[in-house]
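Beneath this line is the structure, given in structure tokens, with notes to follow.
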Amino acid sequence: PYPSGAIHMGHVRNYALGDVVARYKRARGFNVLHPMGWDAFGMPAENAAMERGVHPKGWTYDNIATMRAEPKRLGLSIDWSREIATCDPAYYGQQQRWFLKLLERGLVYRKEGVVNWDPVDNTVLANEQVIDGRGWRSGAIVEKRKLTQWFLRITDYADALLEGLGTLDRWPEKVRLMQENWIGRSQGLRFRFLFSTPAPHGFEEGLECYTTRPDTLFGAAFVGISPGHPLAERIAAADPKAAAFIAECARGGASEADIEAAPKLGYDTGLEVDHPFIDGERLRVWIANFILMDYGTGAIFGCPAHDQRDLDFARKYALPVRPVVLPSGADPDTFQVGHEAYTGPGKLFRSQFLDGLDIETAKAAAIGRIEEMGLGQGATVYRLRDWGVSRQRYWGCPIPVVHCQRCGVQHVPDDQLPVVLPEDVSFDRPGNPLLRHPTWRHVKCPSCGGEAERETDTLDTFVDSSWYFARFTAPDAAQPIDKAAADAWMPVDQYVGGIEHAVLHLLYSRFITRALKDEGMLSVAEPFAGLFTQGMVTHETYKVMADGRWVSPGEIEARDGKLVESTSGLPVEVGGIEKMSKSKKNVVAPEEIFDAYGVDAARLFVMSDSPPERDVQWTTGGVEGAWRFVHRVWNEFDSQPQTAPAKVAADVILADAGAKALLQATHRLIKSVTESIEGFRFNSGIARLYEFLNVLKAHPAATASPQGLAARHQALGVLARLIAPFTPHLAEEGWERIGGEGMVVLAPWPDYDAALAAEDELVLPIQVNGKRRGEIRVPVGSAEDEVKAIALADPDVQRHLEGLTVRKVIVVKDRIVNIVAA
RNA sequence: GCCCCAGUGGCGAAAUGGUAGACGCGGCAGACUCAAAAUCUGUUGUUCGUGAGGACGUGCUGGUUCGAGUCCGGCCUGGGGCACCA
């Protein structure tokens, strides 16, 4: 977790789910590494420093000290000897070590580029960190700025990351899909148009375009370039109108709505290029506002008939619209495109050597022809961009390089690592305190020994969280990763987290893992073999009707059947059910719940009321139900006689009908709870435990005899072990109460006896024409003929068969009987 | 616009193609109590019927099947992801 200072219900649910897995697997005899650490760098610490004058380091470590108590109180079975904090030089120093390795490998580079600038946090953001045009943390509208920044070459791994998704069969389909879309591979053609008009300086070789629809080249109506294209800049230098148009394009709003509403605009440059396939045909070159510079080559050819944007553009500037793909059944002489471009399947026409081909074949043929002509080749293009990791902030991992006027960028030598953050910094002004520090940045060049300057950018905190799992396997190693330890533990078998990291942390970690593998530091290509994305904890929201203020659940009460604010008595309306958040005040503090109901009830409730992958709505009634269950379970343990029951032979117990029934229920319980945990259906497993409690309570006979008492003792012993992953403290107390050996946390998971778990007798429903008309009791495994005879003889069934002729009787063994009659 | 997911009682939900609504919350009734709370017991999809029993029922609509909440086609609604990506 980020050490914000307090845990919230989302943490409780997240870690409770993970703890169930850890405790279950441990009981199953596995070695379990279940660690905890702090993602401790980042903006909130600096904000606290600016607002309250505290030091980010002190603030962070104080928060860690406060927060550490909570997982302990929750009873999470964590190995605290492996605890790490990413703001510890012992951690980030090792990060600097591997960062330099990647720099040597060419996976880190520095370039000037247009970047996303968050004006509130005063720093740069990666593409993945811009959500709907806003900073992922600050929510501020992101601006474009030209800056020199450090980048990690994630695009080198675009293909590997895409292919690797296919191996992650224990990941949710949804997350794999999101990553696939984010990487966005497309196959197409990269080729040059040759100028028919005199080529502008620097473009003598032609103008390079990228397309995924080379099959539609015969429908080309124009060539378009992005306002940011070098050719556009060159033209603007000599043409004030072009310059004005480009400036106009840059002014448009950055929000989605603005982009969507923006009309297609173009500027006719007067330049023309040759159509590669049609002799004498020329295409006009336009600067167009809808063409992106950072995808493909920043230049396209427009085929209005088969691309909606090109069509909009063509209609506006009265350019020809020539269909070249004919839908099946359409008449080639009359087929036209109106306001909607045709993007569906069909056969090529009006396209010379492509005529009659289907789209895929035509693409290959067009690419082949362009390649023969030496104008270009088939190409793969990705939507994924390199990962900008520079942050102009103090509280982050320093980038371990030195800038020397004479020698350029120099690595900080290994014996001078870690580059430690200076502590004497001030936050009285905006901007990066490292830049203002009087001495820290001034160092000698490691190469020439002359005056040089440290890099003052720090790393994106997502770098810190992209390898911590490997560090956990040997948290004190003198090198970043102890390979033997990592080989023993990695990959992570079960990762539990929120969906919000689908294209952030989960993609970065996959990239860094692959990069470190190529560096020889890790053996696995994928960090997380199993991923589970849990749902959020939600709560109703409450709003004072009079003034629209949000009020918290603790500030309201029911008076005369109506909700009012306690202090003012003003009526309150119930709003939507939303993720717990401070802004909506629909937060329930875990500590208060622990105090009121105990941690076991809190753990139980967040897992019992919804499937783990779905959101769970926090309700007082719900947690009280869990709390009642805890008490009722304890009552069952507590009502067992203090003295251990006399030893009773197994066959004697089974001879007692009541005792046998209880043992059968017990073994069925083991089977179903085990399957529920294995399948991550914890809510169903908990429902089975509730059910079993009702069975246990409804068994008065079980205590009346030595056999009954012995059966009950066995049942309670099983129950203690089965509830242990969910409510560990209750399990421990119950286990001790009935004289269990040692601690239940160390007890092996119970195995079920298949014979006992099986039913002896079944109630089979009998259907007549698909409607249930009766039921019969038959022994398990009864022969089809026997069941058929009993079913047909059943009075209820006979009543419904009156006047009908039985055509067919379907007997599904031990399941159902359906009589088809007419 | 493209892609994905989900629609089941008053609510959260359960159901390898085989008794829809387990379990919990809430409601109702009863026991205990002077009373209330807590606790315990029973009951609780809708509807017709005094009852036995019947009809209807998993967003809508077709289909496959002896049998569909579950599989297939079309649609509606809600949620999420991506988005001028050529």
Side-chain angles (χ1 to χ4, degrees), chain A residues 131-132 172-182 184-186 188-189 209-214 216 224 226 256 259-260 262-264 288-292 294-303 306-310 312-313 340 343 381-385 499-500 502-503 538 577 604-605 608-611 613-626 628-629 631-632 635 675 681 683-694 697-698 763-775 796 799-800 807-821:
Chain A
I131 316 289
D132 295 342
E173 180 65 30
K174 183 185 171 69
V175 176
R176 284 184 287 168
L177 212 77
M178 283 168 74
Q179 291 207 355
E180 193 180 317
N181 290 339
W182 188 263
R185 175 162 69 181
S186 77
L189 168 69
C209 291
Y210 174 74
T211 180
T212 57
R213 293 296 302 273
T216 63
S226 167
E256 277 171 84
I259 289 169
E260 195 146 348
K264 303 279 178 288
N289 65 342
F290 65 94
I291 301 166
L292 304 175
D294 55 358
Y295 184 79
T297 63
I300 61 155
F301 76 84
C303 176
H306 304 294
D307 182 285
Q308 191 59 47
R309 296 154 302 178
D310 297 347
D312 295 345
F313 189 78
E340 260 181 59
T343 55
V381 164
Y382 299 90
R383 209 192 74 106
L384 185 70
R385 308 272 185 276
I499 189 77
E500 68 273 16
V503 290
T538 62
I577 295 156
L604 193 63
F605 175 61
S608 70
D609 236 35
S610 287
E613 69 276 14
R614 225 182 287 178
D615 291 352
V616 66
Q617 187 190 341
W618 185 273
T619 59
T620 306
V623 71
E624 280 175 355
R628 274 197 285 269
F629 174 77
H631 279 267
R632 280 188 275 207
N635 286 342
E675 288 169 357
R681 293 183 302 270
N683 56 321
S684 294
I686 292 167
R688 296 289 87 77
L689 291 166
Y690 275 72
E691 229 168 24
F692 181 73
L693 183 70
N694 293 336
K697 283 157 67 90
V763 176
L764 286 193
I766 314 298
Q767 297 182 330
V768 176
N769 292 331
K771 286 183 194 276
R772 197 184 75 95
R773 295 304 184 184
E775 53 184 44
D796 282 331
R799 201 158 47 81
H800 285 278
R807 304 266 186 224
K808 199 168 159 190
V809 180
I810 293 139
V811 179
V812 182
K813 200 172 180 184
D814 295 340
R815 272 291 180 188
I816 201 166
V817 179
N818 191 10
I819 299 165
V820 184

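Please read all numbers here as calculations on a predicted model, not as lab measurements. To find a chain, count down the sequence lines: A is the first, B the second, and so on, and within it residues start at 1. We use all heavy atoms of the structure for the numbers below, so side chains are in, but hydrogens, waters and symmetry mates are not.
Base pairing annotation: G24(B) forms a Watson-Crick or G-U wobble pair with C11(B), both donor-acceptor distances under 3.5 Å.
For the C1' atoms, the distance from C11(B) to G45(B) is 13 Å, rounded to whole Å. A distance of about 43 Å separates the P atoms of G18(B) and A86(B), rounded to the whole Å. A gap of 14 Å separates the C1' atoms of U44(B) and G24(B), to the nearest Å. The C1' atoms of A20(B) and G1(B) are separated by 39 Å, rounded to the nearest whole Å.
Between A22(B), A83(B), G12(B), one nucleotide has an atom nearer to the side chain of D609(A) than all others, and that is G12(B). With A14(B), G81(B), U19(B) as the choices, the nucleotide that has an atom nearest any side-chain atom of M178(A) turns out to be G81(B). For T211(A), counting side-chain heavy atoms from C-beta on, the closest listed nucleotide (A14(B), G67(B), A86(B)) is A86(B).
Remark: the R815(A) side chain and the U16(B) base include a donor-acceptor N/O pair separated by less than 3.5 Å. Side-chain atoms of N181(A) stay outside donor-acceptor range of the base of C82(B), with no qualifying N/O pair under 3.5 Å. R614(A) contributes no side-chain N or O that forms a donor-acceptor pair with the base of A6(B) under 3.5 Å.
The backbone N or O of V616(A) lies less than 3.5 Å from a partner atom in the side chain of T538(A), making a donor-acceptor pair. Side chain of Q179(A) to backbone of A502(A): a donor-acceptor contact under 3.5 angstrom is found.
Glycosidic torsion of G27(B) falls outside 90° of 0, placing the base in anti.
Salt bridge R385(A)/D294(A): present, at least one basic N to carboxylate O contact under 4.0 Å.
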